[in-house]
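These notes concern the structure reproduced below.
Fair warning: this is a prediction, and the values are worked out from it, not measured in the lab.
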Amino acid sequence: MKKRIIALSVLTMLVLASCGTKKDSSQQSSTSAATAPQTTAATTAEATTEATTEHVTAAQNEVGFEGMTEVNINELNMGNYNVSVDSSSSMFKIAGCILHVSDHDMIADIIIDSKSYDALFMGTEDEAKNAAESDRIIYITNENGQSVFTVPVEALDKEIQCAALSAKKQEWYGRTLVFRADSLPDTAFKEAR
């Protein structure tokens, strides 16, 4: 073991000695390169510290599709339909949704597997912050232990603003939802599509 340590020490000294004392441009650039990661790491640490003090949200996803045309209540037959919902946030994961169409309104039961959100508000994040507590949509728990929020639906294939109140941080986060008409069965429509 001692021989191995001595051999490594001698080898290290030989390598260092062979580097010489010349300071050519390649050595200077390697010195600059060696300090660059430290600067980058410091900058990244500062950015991370700043970001944690601000209202941070997950990256937003595109919702809907090009050429989307609104589908209103007067185009649908009364009934209950499973409907797909696009969400602009990967953190707002919708496990399922049931659209209820009556002769005077459309509402949807948005089903979420987690208890990550205490309430929803149909509007923007800023509107939610300033709204009365009575305007919040509170979830009920279904037989599977999932959170179910019953929300009004203005139209299908329309970007609808929604804000979700984080259970953990008690902060509002803006979301955009699109209830997809193309996920309904043909029998849901008054006229053939």
Side-chain angles (χ1 to χ4, degrees), residues 46-65 68-185 188-189:
E46 288 172 8
T48 303
T49 303
E50 288 176 21
T52 56
T53 60
E54 295 179 12
H55 183 74
V56 180
T57 62
Q60 298 295 299
N61 302 320
E62 292 285 327
V63 294
F65 54 92
M68 193 166 59
T69 304
E70 289 182 23
V71 175
N72 296 300
I73 189 171
N74 59 356
E75 300 174 64
L76 298 171
N77 292 314
M78 288 190 289
N80 301 316
Y81 308 101
N82 288 321
V83 63
S84 295
V85 184
D86 291 348
S87 170
S88 63
S89 174
S90 61
M91 300 301 288
F92 191 73
K93 296 178 183 172
I94 299 172
C97 186
I98 301 169
L99 179 69
H100 304 280
V101 181
S102 70
D103 58 351
H104 59 279
D105 68 1
M106 287 192 294
I107 59 173
D109 293 333
I110 296 176
I111 303 165
I112 300 176
D113 285 331
S114 72
K115 301 282 187 240
S116 298
Y117 301 100
D118 285 341
L120 296 183
F121 176 82
M122 299 313 286
T124 66
E125 180 180 327
D126 290 334
E127 292 169 336
K129 290 175 187 175
N130 299 315
E133 197 165 319
S134 60
D135 291 333
R136 294 178 179 181
I137 300 167
I138 307 301
Y139 70 88
I140 61 167
T141 304
N142 68 12
E143 63 277 358
N144 297 324
Q146 298 166 307
S147 301
V148 180
F149 294 93
T150 302
V151 301
V153 178
E154 298 170 36
L156 306 180
D157 291 351
K158 176 183 180 178
E159 291 186 8
I160 299 173
Q161 297 304 309
C162 172
L165 180 62
S166 166
K168 186 175 183 180
K169 295 185 178 181
Q170 289 300 295
E171 290 185 37
W172 288 100
Y173 293 91
R175 310 289 186 232
T176 303
L177 305 177
V178 173
F179 295 85
R180 299 287 299 255
D182 61 0
S183 67
L184 299 181
F189 300 92

Could you tell me if the side chain of [Y] sits less than 4.5 Å from the side chain of [X], heavy atoms only?
X	Y	result
Asp109	Asn142	no
Met122	Glu127	no
Val85	Phe179	yes
Leu165	Glu171	no
Leu184	Leu76	yes
Tyr81	Leu156	no
Ile94	Leu177	yes

Any sub-3.5 Å donor-acceptor pair from [X]'s side-chain atoms to [Y]'s backbone N or O?
X	Y	result
Lys115	Gly145	yes
Asp157	Val71	no
Ser147	Tyr139	no
Ser183	Val83	no

First locate atom [atom1] of [X], then atom [atom2] of [Y], and finally report the distance between them rounded to the nearest 0.5 Å.
X	Y	atom1	atom2	answer
Ile110	Ile98	CD1	CD1	11.5 Å
Asp118	Lys169	CG	NZ	14.0 Å
Leu120	Ile112	CG	CD1	6.0 Å

Strictly under 6.0 Å, is that where the ring centroids of Tyr173 and Tyr117 end up?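 Judged by ring-centre distance (under 6.0 Å), Tyr173 and Tyr117 do not meet the cut-off.
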Nearest atoms (heavy-atom pairs only) where [X] meets [Y]:
X	Y	answer
His104	Ile73	C-CD1, 3.7 Å
His100	Asn80	ND1-OD1, 2.6 Å
Glu154	Met106	O-CE, 4.0 Å
Phe92	Ser87	O-OG, 3.3 Å
Lys129	Trp172	CG-CD1, 3.8 Å
Ala155	Ile160	O-CD1, 3.7 Å

Residues, nucleotides or ligands: over 12 heavy atoms within 6.0 Å of Gln170 CD: yes
Whether over 12 other heavy atoms sit under 6.0 Å from Lys93 NZ: no
From the list Thr150, Val151, Val153, side chain to side chain contact (heavy atoms under 4.5 Å, CB included) partner of Ile107 resolves to Thr150
Between Thr176 and Gln161, does the side-chain contact (heavy atoms from CB on, under 4.5 Å) criterion hold? Intermediate values first, please. CA-CA 5 Å; Thr176 303; Gln161 297 304 309; 3.4 Å; yes
Going through the distances and angles, do Asp135 and Phe121 end up as a side-chain contact (heavy atoms from CB on, under 4.5 Å)? CA-CA 7 Å; Asp135 291 333; Phe121 176 82; 3.8 Å; yes
